[in-house]
A.B. asks: 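One structure, as structure tokens, below. Some questions next.
Model, not experiment: these values are computed from the prediction.
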Amino acid sequence: MDMKNLVVNKTLPFDASLLTVHISLRQVEEIAASISKRCVVSGVNEIAWALRALMLTDLTTLAGDDTRANVRRLCVRACYPFEPQFFDKYFERTLLQDIHCAAICVYPARVKDAYTSIQQYNQLGNVAIAAVATGFPTGQYGLQTRLQEISHAILAGATEIDIVINRQLAILGDWNSLYHEVVLMRSACGDHALLKTILAIGELGTMENVYKAAMVCMMAGADFIKTSTGMEVVNATLSVGLVMIFAIQEFKRRTCQIVGLKPAGGVRTVRDAIAWMTLVNETLGSRWLTPQRFRFGASTLLNDIEKVVREGVAKLEREAAEKSNQQKAQASEAGSEEAMCKELRKKHLGQK
């Protein structure tokens with residue numbers, strides 16, 4: 001496989017001062033709840049937000065029964081979520097090349113299948129190939145085995161690696177050891193793949209641990225911090241996302257290094273996605289709503305996106321047709337009145 005050199009984050013020295021934090025869970029939950037109430041949209045705006053969510057999605061399949069055919073279907077949906085005829089009818093055809101998922105995400109064993117499929121569609125420059133690695137989802141493997149899995153995925157064609165951190169080290173508060181493990185994983189990726197670090201927030205115990213784990217991963221050179229594997233009891237919640245955003249903001253302030261955010265697990269509907277995008281927009285700013293800085297890890301979100309876009313367009317079409325019919329009726333009525341007036345004027349002149 002052709003391996004390109006990417007712009008990736010560099011590893012910074014371990015700085016324990018970045019781990020000093022106190023988080024008020026109540027305040028975090030209140031802020032998250034307040035933001036979630038402000039994200040209701042409809043009509044054209046909902047269609048636009050849905051398409052934005054699509055372009056930020058890492059379309060994922062992590063099933064035990066994944067096959068080459070499953071992965072190929074996933075790649076087709078990621079590259080061409082809507083048929084060209086749909087865009088010809090309702091949008092500018094030039095937009096079609098931009099309407100695709102950010103990446104597809106699979107197990108390392110299926111990376112080669114994904115690479116072959118996306119290459120056939122000539123979309124390798126548009127749709128990235130992400131692989132979960134390092135003993136996903138538990139991470140309960142020897143370090144060398146986890147590092148070898150990263151190398152295997154990259155050699156097969158992956159350009160993004162979603163690693164799981166060692167939760168045991170995080171729970172024990174052994175942040176130095178966790179830092180050194182992630183540094184080795186950053187080194188294994190080199191500049192051939194982005195490094196996304198999965199915190200598995202549902203297994204870290206406290207919001208402080210979520211913040212500290214995020215900081216440690218960012219110091220080690222992570223390009224993204226990711227909420228969950230999607231297989232924990234608690235996955236991506238706005239409250240946890242807000243804590244991770246606080247860490248991203250403080251890290252950027254202290255180091256000038258930008259790190260992306262990836263919520264995964266539980267983002268199933270367009271409304272869920274809009275809530276997250278609103279959270280990011282109001283905290284990190286609109287510049288973060290790009291595939292380079294923000295992603296959704298999701299397997300079913302695309303289903304709801306397609307439903308919202310198709311139903312939204314159909315509704316707009318009905319409204320346009322109704323408006324056109326009303327205008328025709330009004331024009332017809334006006335024409336009838338004018339004809340009646342002409343007839344009366346003729347009769348009046350004839351009587352004279």
A.B. asks: Does a salt bridge link K323 with E319, judged by any charged N lying under 4.0 Å from a carboxylate O?
C.D. replies: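 No, no charged N to carboxylate O under 4.0 Å.
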A.B. asks: Which atom names give the shortest non-hydrogen contact between E232 and N235, and what distance separates them?
C.D. replies: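 Minimum heavy-atom separation between E232 and N235: O-ND2, 3.0 Å.
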A.B. asks: Between A236 and T227, what is the shortest heavy-atom contact and its length?
C.D. replies: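 For A236 versus T227, the nearest heavy atoms are CB-OG1, 3.6 Å.
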A.B. asks: Is it true that, when you exclude R254 itself, more than 12 heavy atoms of the residues, nucleotides or ligands shown sit nearer than 6.0 Å to its CZ?
C.D. replies: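 Atom CZ in R254 is crowded, with more than 12 foreign heavy atoms closer than 6.0 Å.
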A.B. asks: Do S17 and D15 get their side chains close enough for a donor-acceptor pair, meaning under 3.5 Å?
C.D. replies: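 D15 and S17 do have a side-chain donor-acceptor pair below 3.5 Å.
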A.B. asks: What side-chain donor-acceptor pairs closer than 3.5 Å can you find for residues 210-217, not counting sequence neighbours?
C.D. replies:
none

A.B. asks: Once side-chain hydrogen bond (donor to acceptor under 3.5 Å, both in side chains) is applied, what residue pairs with a partner in residues 143-159 remain, sequence neighbours excluded?
C.D. replies: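 Pairs touching residues 143-159 that pass the test: R146-E181.
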A.B. asks: Do the non-hydrogen side-chain atoms of R186 and K10 ever get within less than 4.5 Å of each other?
C.D. replies: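 No. Closest side-chain heavy atoms not under 4.5 Å.
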A.B. asks: Within the side chain of N122, is there an N or O that forms a donor-acceptor pair under 3.5 Å with the backbone of Q119?
C.D. replies: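 Absent.
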A.B. asks: Identify the heavy atoms of L56 and T290 that sit nearest to each other, and give their distance.
C.D. replies: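 The answer is CD2-C, 3.4 Å.
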A.B. asks: Is the backbone of P291 close enough, under 3.5 Å, to the side chain of R295 for a donor and an acceptor to pair up by distance?
C.D. replies: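 Present.
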A.B. asks: Would K196 and D223 pass as an ion pair if we require N to O under 4.0 Å?
C.D. replies: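 Looking at K196 and D223, the cut-off is not met.
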A.B. asks: Any sub-3.5 Å donor-acceptor pair from T229's side-chain atoms to M231's backbone N or O?
C.D. replies: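 Yes; at least one donor-acceptor contact below 3.5 Å.
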A.B. asks: Is it the case that R167 and N209 place a side-chain donor and acceptor less than 3.5 Å from each other?
C.D. replies: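 Distance-only check fails for R167 and N209.
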A.B. asks: Answer yes or no: is there a donor N or O on one side and an acceptor on the other, between the side chain of S34 and the main chain of E30, under 3.5 Å?
C.D. replies: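 No, the answer is negative, given that no donor and acceptor are paired below the 3.5 Å cut-off.
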A.B. asks: Is there a path of hydrophobic side-chain contacts, each under 4.5 Å between heavy atoms of I/L/V/M/F/W/Y residues, joining I163 to L155?
C.D. replies: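 Yes: a chain of side-chain contacts under 4.5 Å links L155 to I163.
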A.B. asks: Can you tell me if S117 uses its side chain to pair, donor with acceptor, with the backbone of C75 under 3.5 Å?
C.D. replies: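 Here the side-chain-to-backbone pair does not exist.
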A.B. asks: What pairs of residues pass the side-chain hydrogen bond (donor to acceptor under 3.5 Å, both in side chains) test when at least one of them lies in residues 273-282, not counting sequence neighbours?
C.D. replies: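 Qualifying pairs, neighbours excluded: R38-E282.
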A.B. asks: Find out if a path of hydrophobic residues (ILVMFWY) with successive side-chain heavy-atom gaps under 4.5 Å connects L12 to V21.
C.D. replies: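 Yes; V21 is reachable from L12 via cluster members.
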A.B. asks: Cluster question for you: counting only ILVMFWY and a side-chain heavy-atom cut-off of under 4.5 Å, with indirect links fine, are L124 and V76 together?
C.D. replies: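 No, because L124 and V76 fall into different hydrophobic clusters, even though each may have its own neighbours under 4.5 Å.
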A.B. asks: Could you grab the distance from atom CE of M207 to atom CG of L242, nearest 0.5 Å is fine?
C.D. replies: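 CG of L242 is found 8.5 Å from CE of M207.
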A.B. asks: Should E250 and R253 be marked as a salt bridge (charged side-chain N to carboxylate O under 4.0 Å, His left out) after you check the CA-CA gap, both sets of side-chain angles, and the distance that decides it?
C.D. replies: CA-CA 5 Å; E250 179 63 10; R253 187 183 72 81; 2.8 Å; yes
A.B. asks: Look up atom CD1 in I129 and atom OG1 in T116, then write down how far apart they are to the nearest 0.5 Å.
C.D. replies: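 Between atom CD1 of I129 and atom OG1 of T116 there are 8.5 Å.
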A.B. asks: For Q27, does the CD atom sit with more than 12 other heavy atoms under 6.0 Å from it, leaving out its own atoms?
C.D. replies: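 Check fails, neighbour count at 12 or below.
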A.B. asks: Does T61 have any side chain to side chain donor-acceptor pair (under 3.5 Å) partners at least two apart in sequence or in another chain, and if so, which?
C.D. replies: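 Testing T61 for side chain to side chain donor-acceptor pair (under 3.5 Å), a comparison that skips the adjacent residues, returns D66.
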A.B. asks: Backbone N or O of T283 within a donor-acceptor pair of the Q249 side chain at under 3.5 Å?
C.D. replies: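 Confirmed, Q249 side chain pairs with T283 backbone.
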A.B. asks: Excluding sequence neighbours, so at least two apart, what forms ring-ring contact (aromatic ring centres under 6.0 Å, His included) with F294?
C.D. replies: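 Testing F294 for ring-ring contact (aromatic ring centres under 6.0 Å, His included), a comparison that skips the adjacent residues, returns F296.
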A.B. asks: In terms of side-chain geometry, is the basic nitrogen of R310 or E83 positioned less than 4.0 Å from the acidic oxygen of its partner?
C.D. replies: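 Salt bridge flag = yes for E83 with R310.
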A.B. asks: Can you give the donor-acceptor pairs under 3.5 Å from side chains of residues 133-141 to other protein atoms, not counting sequence neighbours?
C.D. replies:
unit_1: T134; atom_1: OG1; unit_2: V164; atom_2: N; d: 2.9
unit_1: T134; atom_1: OG1; unit_2: V164; atom_2: O; d: 3.3
unit_1: T138; atom_1: OG1; unit_2: Q140; atom_2: N; d: 3.2

A.B. asks: What distance separates L284 CG from L261 CG, expressed to the nearest 0.5 Å?
C.D. replies: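 So the gap between those two atoms works out to 7.5 Å.
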A.B. asks: State yes or no: do I35 and I274 share one hydrophobic cluster built from I, L, V, M, F, W and Y residues joined by side-chain heavy-atom distances below 4.5 Å, directly or via other members?
C.D. replies: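 Linked, I35 and I274 end up in one cluster.
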A.B. asks: If the threshold is 4.0 Å, N to carboxylate O, is there a salt bridge linking E322 and R318?
C.D. replies: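 A salt bridge is absent here (no side-chain N lies under 4.0 Å from a carboxylate O).
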A.B. asks: Out of curiosity, does L204 fall in the hydrophobic cluster containing F224 (side-chain heavy atoms, cut-off under 4.5 Å, transitive links)?
C.D. replies: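 F224 and L204: separate clusters.
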A.B. asks: Is a salt bridge present between D58 and K262, judged by a nitrogen-to-oxygen distance below 4.0 Å?
C.D. replies: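 Answer for the salt bridge query: yes.
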A.B. asks: Donor-acceptor pair, distance only, cut-off 3.5 Å: does the side chain of N126 make one with the backbone of Q123?
C.D. replies: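 Not a single qualifying donor-acceptor pair exists.
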